[in-house]
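Remarks on the structure that follows.
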Amino acid sequence: MNRMRTATILALVAGCGRIGFDGMETAPPIAPEEARGTLTVGDGFACAIVEQRAWCWGEGRSGQLGHDDVPFAEKPMMVPTLPPVAKIDAGTHHVCAVTTDAEVYCWGNNDYLQLGGAVPMAVAPMTAVPMPTRVIGIGPALDVGCGANHTCALLADGTVACWGANVQGQLGRGTMVDAGEPPQLVPGVTGGAALAIADDSSCVRHADGGVSCWGEGGAGHLGDGTSSSRATALRIPNLTATALTLGGDHACAVDRGGRYTCWGANDYGQLGNGTDEWRSTPSAPSVLDGFIAIDAGAQHTCAVRDDGTAVCWGGNNDGTLGDGTQRGTTAPVAVMLDGIVAIAAGRSSTCALRSDRSVHCWGWGSRGALGDGRSAAARAQAVTLPQPPVAVDTGRRHTCAIIESGADVACWGDNASGQLGLGTFDGTHLAPEKVQRAWTGAVAQVSAGDTHTCIVAGAGEVWCWGSNYVGELGDGTFTYREAPVRVTLPPAARVEAGLGHTCALLRNGNVACWGTNRDGELGDGTGADSPVPVLVVDGTGPVVATALVGGESHACAIVGTGAVACWGDNSWGQQGDGGASRTRAALMPGVDATALDAGPLATCADAIDGHVCWGGNDAHILRADAGSTVTPMPSTVAVRFAIGRATACTPGGACWGDNFFGQVGDASFADRGAPADRVVDLPAGTIASLSMGYDHACAVAGATAYCWGDNAEGQLGIGTRTRALAPVRVALP
C-alpha cells in the first residue's frame, strides 16, 4: 500500500546472523581439518573456539555459557577461567572442551554428574556449575562429546571414557544403572579416532574407519538392525567412515568415497534418502559425493562438501536448513552460504564456520540462539538472487515484489480472491510464486491493495488481478480475476490499489480511478461505483497532477506547483481539511508539498516548512504528543516514512508504533513511541524499497527481500505462518 524507492541496490553475501568475535578479522584462513570440533550447537545455545578461546551464546539458565547469573546472551561471551582450548562440544544443557594441554573441562548442568565432578542428582537436582571444571580421573584427551546427561572423552591411547547418566547404557559399561557415574573406560573400545555423542547414545569412529555404538537405540540408530538399547559397544557391520555424527534419534556417516549414509528415525526426512522410512542399518550411499564433514541435529542433518558448499535435509520448521525457506525436505538442499569449512546442527538452529573464520547462524533465534544480537523467532537463511528484487509492496495479507530486473512479479500470502495472480483461487501461499505474466516489457511499479493487486508495465500499461466485487480491477466487469487483466487507459506513470478502488496517475497528468465510490474514492463528483476508469475532477475540470498516493479509501495528489488535493474518505481526517468525505478533489489549505506519502488512514507531505502529517494517529505514529488530527501538523519524525495502520518506518529502516505482531521489527512485541535505532537484520546501506502494510512490513535491502510482522496468511513469504519479530529474508523464485 505504501512504498519508498531509492536508486541504489547493494550486493550482499548470503548469511543470516553473522557473528563477530574479537580478533577474527585479522586471523589467517582456517582449513576444514583445523575447523573440526571448533563449532557446536546445543539446545538453544551454541559455542565456538576463536583464537583458542571458547565463546558461547544463547540460552544460559543452566550455566552452559560459562557465566553465573546470565540467563541468556544475544552475543558471544568468552568463557572465563578456561585454558586455551582445541575442541568443544555441547550437550542439551552442558558443554565440555579439550584444552591444548589435552585436559577436559566441563560446565553447565550437572544433575547426573555429566561434568565429571561432584554435586550428584540426589543432592542437588538440576544443579548448574557455570564455571569450567576440570574432569579428574582420565588420561590425556583428544576429543570430547556431550549427550543430554552424559559425556565421553576420546583419550590419547585410543580408548574412550564416559561418565554421567546411564539409564540407557550410554556409558557402555554393560549395565544400565542410573545414579550418576564417575569417569570410567568403555570396555572393548580401542583405536578410537573421533566421537559422536547424542542424547542417550554414544558412538566412536575407529582409526580403521569402523564405527561402534552403544546406549539408547529405540529408533534403530545404533545401526545394528534392531531397535533395542545396548549397554556394550558393538561395531556396525559393513560400515567404513571418514566422518561420523549422531543426532537425537538418527546417525550419519561419510564413507571413503565422500558419500553420506544415514540410519535411525526419519519422520522429517533427516536420513536424506528421499523417503520418510526409518532404518536400523545404514542406507545406501548418497548420489552426491565430495563430503568432508557431517553433523546431525534433532530433526535435520547438514553436511559440508570439499568445494566449500553445504547441504541440509530434514525438518525445517525453524529455517534450520538454511535454504531460505521453512519447508522440510527428504533430500539435500543447498545452504545459501559459501566458503564453509565446518557446520553444526542443533535442535532448532544451525551454525556454519567459513574459511575466513566468520560464523553464521540461522533458524530459531529466541534468547540469542543465533548469537548476532537478536532475540526473536525463526528466521530463514539468506538467499542472494542472480537478479535481485527491485521493489516490494505490502497489502493487507499479501505481498508482491518486482523481480528479475523488472521483468516479473512474485506474490505470496492470502490468495482467496486471486490477488497473487497465479491463475488460482486457492487460499494461502506461504512462499513467493511468479504471477502469470500477460504484459510485455519491464514492470515499473507494483501496488498491493486489500485483496487485489495492480502493476504499471511496458509503455505505461496497467494490469490488475484479484477481487473485483465493486469493479476495482477496472476491466468493465465485477468478475474476480485469478490472473492479470489489462485496464483500458492512456499510458500511466503510477497506480495505487486501495480497499475497494484503484487510482492511476496518467502520463498526461490526469488521474483516473475505478471501483467503489461509497466514500468518494473515485473523485469524479458522482459518488457512483464504476468498473471502468473515470477521471478525478475538481471544481474546474479534470485534475492535473505530478504525484499520487493512495490509502485505504482516500487519495491525494500534488497539483500545480506544490498544492495538495485530496478526495475520498475523511472520517480520520486523512484529507487534512477538517471536513467530511468528498466526491471530488479539493485543495488543502496551507500545504506546499514536494513529496507525499499515505497509509491506510493517514497522509504526510514534505513541505517547505518541514514534514507534516494528518489523519489517523493510532499508536502516535504521526506525532508522539497528539491524537488523530484533521489538519496538517508537524510530525515528530522530520523525514518521509512508510505508514501502516498503526506502525510506521523511516526510509533508513527505523520503525515505531503498534508492535502486537512484531511489525516494528526490533525482535520484541513492545510498542514503540519513537523510532527504533534500526530494524534488526537489515544490512547497512541504502534501502531500495520499503513498504508498510496493516500489520507487516517488507523491504528490499542489500539486493535481498526481507519481511517481518504478522504472518497469519503467509504474507512474509517464508514457508510458514509463524510471525517474525525481526526481518526474515525471503527466497524469491
Side-chain angles (χ1 to χ4, degrees), residues 33-34 36-38 40 47 49 52-54 66 79 81-91 94-110 112-120 129 131-166 169-175 177 179-198 201-215 231-235 241 243-246:
E33 56 272 18
E34 182 187 355
R36 293 189 183 102
T38 64
T40 181
C47 297
I49 299 173
Q52 297 186 342
R53 298 295 178 185
V79 179
T81 70
L82 185 64
V85 293
K87 303 287 183 181
I88 194 166
D89 194 60
H94 77 291
V95 185
C96 292
V98 179
T99 70
T100 55
D101 290 333
E103 296 175 336
V104 176
Y105 283 75
C106 298
W107 60 94
N109 190 31
N110 194 41
Y112 287 88
L113 291 184
Q114 58 263 49
L115 304 189
V119 194
V129 181
M131 303 304 291
T133 303
R134 183 184 171 191
V135 179
I136 306 299
I138 60 174
L142 300 177
D143 195 11
V144 68
C146 299
N149 297 299
H150 80 292
T151 308
C152 295
L154 172 66
L155 306 183
D157 61 3
T159 61
V160 174
C162 296
W163 57 93
N166 195 39
Q170 57 263 52
L171 302 189
R173 300 179 186 177
T175 66
V177 177
E181 298 295 324
Q184 288 186 27
L185 293 178
V186 178
V189 173
T190 59
L195 292 173
I197 310 298
S201 310
S202 307
C203 293
V204 60
R205 177 173 62 86
H206 299 279
D208 62 6
V211 173
S212 298
C213 295
W214 60 94
T232 56
L234 183 67
R235 285 211 178 197
L244 177 68
T245 183
L246 191 58

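Nearest heavy atom pair, residue A141 against residue V104, reads CB-CG2, 3.5 Å. Here the closest heavy-atom approach between residue A54 and residue L82 is recorded as CB-CD2, 3.7 Å. Residues G37 and I49 share a closest heavy-atom pair of O-CD1, 4.0 Å. Of all the heavy atoms in N166 and G172, the pair that sits closest is OD1-N, 4.3 Å. V79 and P132 get closest at one heavy-atom pair: CG1-CG, 3.4 Å. Heavy atoms only, all atoms of each residue included: A196 and L246 are closest at O-CD2, 3.5 Å.
A distance of 7.0 Å separates CG in L115 from OG1 in T151, rounded to the nearest 0.5 Å. From L142, atom CG reaches atom CG of L155 across 7.5 Å, with rounding to the nearest 0.5 Å. Expressed to the nearest 0.5 Å, how far CH2 of W214 lies from CD of Q170 amounts to 11.0 Å. Taking OG1 from T245 and CG from L195, the interatomic distance works out to 11.5 Å, rounded to the nearest 0.5 Å. From Y105, atom OH reaches atom CE of M131 across 11.5 Å, with rounding to the nearest 0.5 Å. Taking CG of L113 as the start and CD of E181 as the end, the distance is 8.5 Å to the nearest 0.5 Å.
A donor and an acceptor atom, one from each side chain of H150 and S202, are located under 3.5 Å apart.
In terms of modelled atom types and a separation under 3.5 Å, the side chain of N149 and the main chain of G164 share no donor-acceptor contact. Checked by atom type and distance alone, the side chain of Q52 never pairs as donor or acceptor with a backbone atom of T100 at under 3.5 Å. Panel note: side chain N110, backbone V129; no donor-acceptor pair is recorded below 3.5 Å.
One finds no salt bridge joining R205 and D143 here, because no Lys/Arg side-chain nitrogen approaches an Asp/Glu carboxylate oxygen to under 4.0 Å.
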Walk me through whether C152 and V144 qualify under side chain to side chain contact (heavy atoms under 4.5 Å, CB included).
CA-CA 6 Å; C152 295; V144 68; over 6 Å; no

Criterion side-chain hydrogen bond (donor to acceptor under 3.5 Å, both in side chains) on D101 and T99, from CA distance to verdict:
CA-CA 5 Å; D101 290 333; T99 70; 5.1 Å; no

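Between C106 and C146, the gamma sulfurs sit at a distance of 2.5 angstrom or greater.
Side-chain atoms of P183 and I138, non-hydrogen and from C-beta on, do get closer than 4.5 Å to each other. Put simply, the side chain of W163 does not reach to within 4.5 Å of the side chain of P182, judged on heavy atoms. Side chains of N109 and Q114 form a contact here, defined as non-hydrogen atoms less than 4.5 Å apart. Looking at heavy atoms from C-beta onward, S212 lies out of side-chain contact with L234 at the 4.5 angstrom threshold.
Tested against V186 for a side-chain contact (heavy atoms from CB on, under 4.5 Å), the candidates V160, V204, L171 yield a single pass: V160.
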